[in-house]
Amino acid sequence: GGQLLLSVLLFTTLIGSFMYLLKTIRKQNQLAILRKSFVNNMTHELKTPVATVMAAIEAIQRFVAKDDKEKMHKYLEISKGELEHLNAMIERVLQLDVDETHRIRLEKRQIDLVPLVANSIETARVGTRKPITFHFAHDLDRLLLRADESHMKNVVSNLLDNAIKYSGDSVYIVVGLEEADECIELSIADRGKGIEAEHIKYVFDMFYRVPQGHLHEVKGFGLGLAYVKQVVEQHGGSIQVVSEVGKGSTFTLKIPKEK
Ligand code: ADP
């Protein structure tokens, strides 16, 4: 009897260890895949400014020989701008406090979304020279949600910044905040340039930017929406976008209320 029990125990222990090993290997593989796609994207995104700076330096070398101060100055400015862009990108990637499974570390507590959104609108208004008309529609004076305050602020300001960036000279934005039975709903609608149907499914991908000729006139890293999506999903929510070229875009996020 004792011997049988011992064999069964040994067997289950062995199976258990084996399963654990399998699980670890699978997790490592997933991590490796994630890391690989991250590195691939990152490499592409880093190469562009490096190539620009390289070309600018070669131009400067030519203009030094010709003693053309004006051109030298111009290409130094271009290099400086590109390096600042690179620096901001590196900061942004390093800043994120993520755990070993690439999830952002959240600190949730009860927050009121009404002042959070109102403050983000004011910050966005101050941060741009474009004239902006905002409409902030909310039925309630308070809208409480258990969430990470600083990441939620970033989410709202990312969406507002995009609405401004991808609008023309005059900006019209409608922000809606509603409470449903099970979730809260936040929408940010602009009357900007819109997104073509073929690109819309990629805008939440890391480093994806809708192609716009050779030089993107609007600065960005293509990280904002990927970040927004991850934060929203880590709160158990979802984000979607409806857009029409020339008419504008509406980003709507839903976050369930925790019981
Ligand atoms: P970034 O703005 O830094 O390029 P995002 O991840 O925030 O990166 O957005 C990805 C792309 O989606 C942008 O490059 C832009 O082409 C498109 N996009 C995002 N928001 C809007 C918007 N409100 N209107 C039009 N296009 C947008």
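When a ligand or atom number is given, it counts from 1 through the structure's own listing order. Values in this document were obtained by computation on a predicted structure and should not be read as measured data. The figures that follow rest on heavy atoms only: side chains count, while hydrogens, waters and symmetry mates do not. Heads up: numbering here begins at 1 and tracks the sequence.
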Novice: Checking the N or O distance criterion of under 3.5 Å, is ligand 1 in contact with Lys193?
Specialist: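 Among all N and O atoms of Lys193, none is under 3.5 Å from an N or O of ligand 1.
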
Novice: Picking from Leu83, Ile57, Ile78, what satisfies side chain to side chain contact (heavy atoms under 4.5 Å, CB included) with Thr52?
Specialist: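 That would be Ile78; it is the only one of Leu83, Ile57, Ile78 passing the side chain to side chain contact (heavy atoms under 4.5 Å, CB included) with Thr52.
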
Novice: Any atoms of ligand 1 less than 4.0 Å from a non-hydrogen atom of Val210? List them with their elements.
Specialist: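 Those atoms are 14 (O), 16 (O).
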
Novice: Identify, by atom number and element, the atoms of ligand 1 in contact range of Gly222, meaning under 4.0 Å from any of its heavy atoms.
Specialist: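 The list of qualifying atoms is 1 (P), 3 (O), 4 (O), 6 (O), 8 (O).
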
Novice: Would you call Leu160 and Thr123 a side-chain contact if the rule is heavy atoms closer than 4.5 Å?
Specialist: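 Counting from C-beta outward, Leu160 and Thr123 never come under 4.5 Å.
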
Novice: Please check whether Phe251 reaches ligand 1 - meaning an N/O of the residue sits under 3.5 Å from an N/O of the ligand, judged on distance alone.
Specialist: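 N/O-N/O distance under 3.5 Å: no.
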
Novice: Pull out every atom of ligand 1 sitting under 4.0 Å from any heavy atom of Leu223, numbered as shown with elements.
Specialist: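 Heavy-atom distances to Leu223 below 4.0 Å select 6 (O), 8 (O).
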
Novice: With no hydrogens and no angle check, do the side chains of Ser243 and Ser249 hold a donor and an acceptor under 3.5 Å apart?
Specialist: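 Judged by distance alone, the side chains do pair up.
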
Novice: Of all the atoms in ligand 1, which lie at a distance below 4.0 Å from a heavy atom belonging to Arg209?
Specialist: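 Result: 1 (P), 4 (O), 14 (O).
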
Novice: Taking N or O atoms only and a 3.5 Å limit, does Leu225 qualify as a polar contact for ligand 1?
Specialist: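 Yes; at least one N/O pair falls below 3.5 Å.
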
Novice: Looking at ligand 1, does any of its N/O atoms fall within less than 3.5 Å of an N/O of Tyr208?
Specialist: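 Checking ligand 1 against Tyr208, no N or O pair falls under 3.5 Å apart.
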
Novice: Atoms of ligand 1 less than 4.0 Å from Lys165 heavy atoms?
Specialist: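 Heavy-atom distances to Lys165 below 4.0 Å select 1 (P), 2 (O), 3 (O).
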
Novice: So is Ala226 polar-close to ligand 1, meaning N/O to N/O under 3.5 Å?
Specialist: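 No, since none of the N or O atoms of Ala226 sits under 3.5 Å from an N or O of ligand 1.
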
Novice: When clusters are formed by joining ILVMFWY residues with side-chain heavy atoms under 4.5 Å apart, either directly or through shared neighbours, do Tyr75 and Val53 land in the same one?
Specialist: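 No, Tyr75 and Val53 fall in different hydrophobic clusters.
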
Novice: Show which atoms of ligand 1 fall inside a sub-4.0 Å distance from at least one heavy-atom site of Gly194.
Specialist: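 Counting atoms of ligand 1 from 1, those under 4.0 Å from Gly194 are 25 (C).
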
Novice: Between Asp161, Ile195, Val203, Ile173, which one has a non-hydrogen atom sitting closest to atom 26 (N) of ligand 1?
Specialist: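 Comparing heavy atoms across Asp161, Ile195, Val203, Ile173, the nearest one to atom 26 (N) of ligand 1 lies in Ile195.
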
Novice: In sequence, state the C-alpha distance, the side-chain angles, and the governing distance for Glu77 and Lys74, and then conclude on salt bridge (charged side-chain N to carboxylate O under 4.0 Å, His left out).
Specialist: CA-CA 5 Å; Glu77 281 301 307; Lys74 180 183 158 197; over 6 Å; no

Novice: Same cluster or not: Leu159 versus Ile200, using hydrophobic residues (I, L, V, M, F, W, Y) connected whenever any side-chain heavy atoms lie under 4.5 Å apart?
Specialist: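 Yes, it is one cluster - the side chains of Leu159 and Ile200 are joined through contacts under 4.5 Å.
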
Novice: What atoms of ligand 1 come within less than 4.0 Å of a heavy atom belonging to Gly224?
Specialist: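 Contacts of ligand 1 toward Gly224, numbered from 1: 5 (P), 6 (O), 7 (O).
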
Novice: Which distance, rounded to the nearest 0.5 Å, do you find between the CE of Met72 and the NZ of Lys66?
Specialist: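 That separation rounds to 12.5 Å.
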
Novice: What residue among Val231, Leu113, Leu145, Val155 forms side chain to side chain contact (heavy atoms under 4.5 Å, CB included) with Ile255?
Specialist: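 Between Ile255 and the candidates, side chain to side chain contact (heavy atoms under 4.5 Å, CB included) is satisfied uniquely by Leu145.
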
Novice: Starting at NE2 of His135, measure out to CD1 of Ile173 and round the result to the nearest 0.5 Å.
Specialist: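 If we round to the nearest 0.5 Å, His135:NE2 and Ile173:CD1 are 11.0 Å apart.
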
